[in-house]
Amino acid sequence: MLMRYWALLFHCFIFHNFVRAESSSSWQTWGPYRPNLYFGVRPQIPESLLMGLMWANGTDKAGLLNSIRDTCEQDEGMRYGWSIYDTRTGGSQALYDEALHLDLSVDFIKTQDGKTWAVKVTGSPRSDAPSDLKTAIIIHVAVEQSTNHPPNILTCGMAGQAEAMCSGDVTGLGQFSLRTVQDVRNKVLGSAVVKSVQVPEAEIWQAKSVFKNHVYDVKNLESDGVGNMHFIQTTFEGAFTITLTYHDSESDPISSDDFQRTMNDLQSSFSTDIQRVFPRSAPFDYEKFTPFTHYLLSNLLGGMGFFHGDSRADLTHAPEYEETEPMFWEAAKQAMARADISTTNATSLVSFVPSRPFFPRGFLWDEGFHLLLVIEWDLDLAVSVLQSWLSLMDDDGWIGREQILGPEARSKVPREFQTQYPHYANPPTLLLLFNVLVSKLANRSKYTGHRSKYMASSQEASALLKKLYPLLSRHYEWFRRTQSGDFGGDYPRPDDTIEGEGYRWRGRTPEHTLTSGLDDYPRANPPHPSELHVDALTWVGASARALHQVAELLGQESDASMYQQHLTNIEHNLDILYWNDAEKVYCDSTTTVGTRNSPKYEHVCHLGYVSLFPLLLGFMDAKHKHLPDILDLLSDTSKLWSPYGLRSLSKTDPNYGKNENYWRGPIWVNINVLAILSLHKIGHEDLKDGETPSEIQMRALSLGSNLRKALVTTVYDGWEATGFAWEQYSDESGEGSRSRAFTGWTADVILVMGLDFGEHISKSTHLKPFHSTAVFGAAVLAVLILAFIIVFRRCLTIAAMRVMQWRNLRHPPGYQQIPVDLDEFGSVSRA
Ligand SMILES: *[C@@H]1O[C@H](CO)[C@@H](O)[C@H](O)[C@H]1NC(C)=O
Ligand SMILES: *[C@@H]1O[C@H](CO)[C@@H](O)[C@H](O)[C@H]1NC(C)=O
Ligand SMILES: *[C@@H]1O[C@H](CO)[C@@H](O)[C@H](O)[C@H]1NC(C)=O
């Protein structure tokens, strides 16, 4: 008791005597940046304030302890998600808790000055609820201590029978108040209670277990409001509304009128904004796709998190990690087992997450795809996230591919996957974004998103590019160095190979290449140090292309010509190293034993996404000699084409559907979106007004159009049936599988919903290519039979010839050129 008394005194002392550092508030400061929770707010300030919402069955103690909702889970049988969310204002999340017979609406609004916010929680008993449904709402707030600063303070207590109030002083925020406000119609059982505890810093994020173990069970827990965690618990009967407001010492709390007005404004502006930024075209221009688009964008944006903490890394740089010897994966494994794992200094990251329940943390490979969508909506937001990622880069140019910062993030990751390795790469997707960013800043592609300071001022824009450019080129050089293929002369290479331009993913094992992002996609087996990987080369090529553009823009002539040289060499080697003339496809390569025991350069052909990378990343234009073959592979229903999208691995591959079956058949949205954008680009390449696309361009357009319809329909159907976007989709049934609430890159379908592949193409190819060919063929056949009957004798031979030809008539006559709308992928593809 005495301790607490002193703490209170100390608190007063702090409040009145310390001058805190200026608070650095901005529109980004506050948000639901704890996406692993059903709802949790924190500022983008490390070691500061954490807020969260829990709820439970309010009947009695047993009911409560068995049912607390806290972190997003896969298996609580709950549907939840943001129906509307914009990072600059706030939004509304709906949670349908069937087991507890309760629907919750959690509305969050903040002011742009970063000084106030409020969250309104509305509970409505579901139709099957008992008439006296009892629900406990537990709002928790906590302060972390920051090193090198005066202690952060937070005290909470009751302010009347049902309302609670907290005041605090935290570095980076200054003085602030929080309070709960009850709706007059609420039926509060008993009175609300505030319980406060002091827990070790490392437990502060574990609200549910702290509550269960330290708070709920302790009889007569002293509630004098002192501690680093505070729980405000209210039990309601029936429907209820409770609001929590935050404001700093310079501001008033958001009034309930202002709250409602802002929410109403958001409801209407969000709709208009999304229609302007992501206009949809047929057949997705129906009203039913509006809430779907809102869901995807809102949940991507609402999945943004702020993470802070140390992480685990193996910084031993063991020679085994070069992976240069035969059986290198065994040696690497042993070196890993021996290694001392370092705990890095704490770092911070602002990142979108692939999925709130399953992957609530930053992934390098995913982030580029997230930002491709975000940059259209809010360029400055995308830039700040990009910068946050780049700030994690070390002096060598390495960025850990999975960011597991602090104990909260680690709690979701099995121990063996926590350690990051500086020889592990990941597809450099941030460079894809760079391309788009440059084309927008250079006014080469349109931008209709939120007001952007970079778009508004060319000084800001060029300052930004000057800042980003050295970081991205450092990352590029790091990738080339650490993932280089072996051209030292130990292994045979095809004649005409340009030495040095060939790469292989490190971190290979017989079953996995996790670093490629395509985890279990089959590669050479057993792995071999001479391998060269198709996708790795095209990622380097796409990066070189992006950097070339920026170097030109910044007037860095010698850099620009270096990147151009890289690009030329890469384009050359792509066909020399990887094109397999027998299979008519791009294949990885390895070394096998040839005649008289001499080593032999050999292709490893597993048809699937890897084979498509030259197309996906813009290395095949309409005139490319291998384009027809790649389109054959893509459109072959026995290989990659399914009615729901492109399979990750061909149905004809012996590994199809085997083992983990992660990247061995199921449909992934990010790759399908790249394919659609590439086909669209090829179809519109070099066309002036009124020009007719070439035959191969028509084919690309037809395939792109059909793939777009198939993919969007698949994701839409899954959402309609389950309320979620999914990590991947079955190529057999189209059903979503693996992790749900996957509004990371699955949300990228929005990017293709507005693509126009041409009126006539759209109308005539409503069905999948297989069917459309058949239906079209049948129509032609019917006409021919008619002709056959009418001019029976004379036309017999001609009709027979037509029948032979109809299979080749892939496109209806009368295709008209639509206005060319080169989106920013104009710069991704070879233009
Ligand atoms: C809530 O808890 C009570 C008592 O433990 C139990 O009888 C009741 O079934 C629970 N309600 C729900 C919806 O789980
Ligand atoms: C961690 O921080 C300390 C103190 O700021 C610094 O001396 C040290 O070099 C940092 N370590 C790393 C790995 O950056
Ligand atoms: C892009 O256009 C805007 C307005 O038209 C202009 O203010 C801005 O300076 C331009 N930016 C560049 C990089 O040319």
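Values reported hereafter were calculated over all heavy atoms of this structure, with side chains retained and with hydrogens, waters and symmetry mates removed. First listed ligand is number 1; within each ligand, the first listed atom is number 1.
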One pair to check against salt bridge (Lys or Arg N to Asp or Glu O under 4.0 Å): Asp70 and Lys212. What are the steps and the verdict?
CA-CA 12 Å; Asp70 173 30; Lys212 277 171 129 172; over 6 Å; no

Checking side chain to side chain contact (heavy atoms under 4.5 Å, CB included) for the pair Leu364/Trp389: CA distance, chi angles, key distance, verdict?
CA-CA 8 Å; Leu364 183 57; Trp389 270 96; 3.9 Å; yes

Test log, rule side chain to side chain contact (heavy atoms under 4.5 Å, CB included), inputs Asp103 and Leu95:
CA-CA 6 Å; Asp103 289 344; Leu95 304 106; over 6 Å; no

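Close approach of ligand 1 to Asp60 is summarised as follows: ligand atoms under 4.0 Å from at least one heavy atom of the residue are 4 (C), 5 (O). Within the listing of ligand 1, atoms 13 (C) sit less than 4.0 angstrom from a heavy atom of His101. Heavy-atom contacts of Asn57 reach the following atoms of ligand 1: 1 (C), 2 (O), 3 (C), 8 (C), 10 (C), 11 (N), 12 (C), 14 (O) (cutoff under 4.0 Å).
Shown here, atom 10 (C) of ligand 2 is in close reach of the protein: a heavy atom of it lies under 4.0 Å off. Within the 4.0 angstrom cut-off, atom 7 (O) of ligand 2 has no protein heavy-atom neighbours.
Heavy-atom separations between Gly58 and ligand 1 are all 4.0 Å or longer.
Defined by atom type and a distance below 3.5 Å, a donor-acceptor pair is missing between the side-chain atoms of Gln182 and Glu163.
Closest to atom 13 (C) of ligand 1 by heavy atom, among Ala99, Ala129, Gly63, is Ala99.
Of the candidates Arg361, Arg356, Glu408, Glu408 is the only one forming a side-chain hydrogen bond (donor to acceptor under 3.5 Å, both in side chains) with Asn36.
In this structure, the protein non-hydrogen atom closest to atom 1 (C) of ligand 2 is Asn345 ND2, 1.5 Å.
Atom CD of Glu735 is surrounded by 12 or fewer heavy atoms from other residues, nucleotides or ligands within 6.0 Å.
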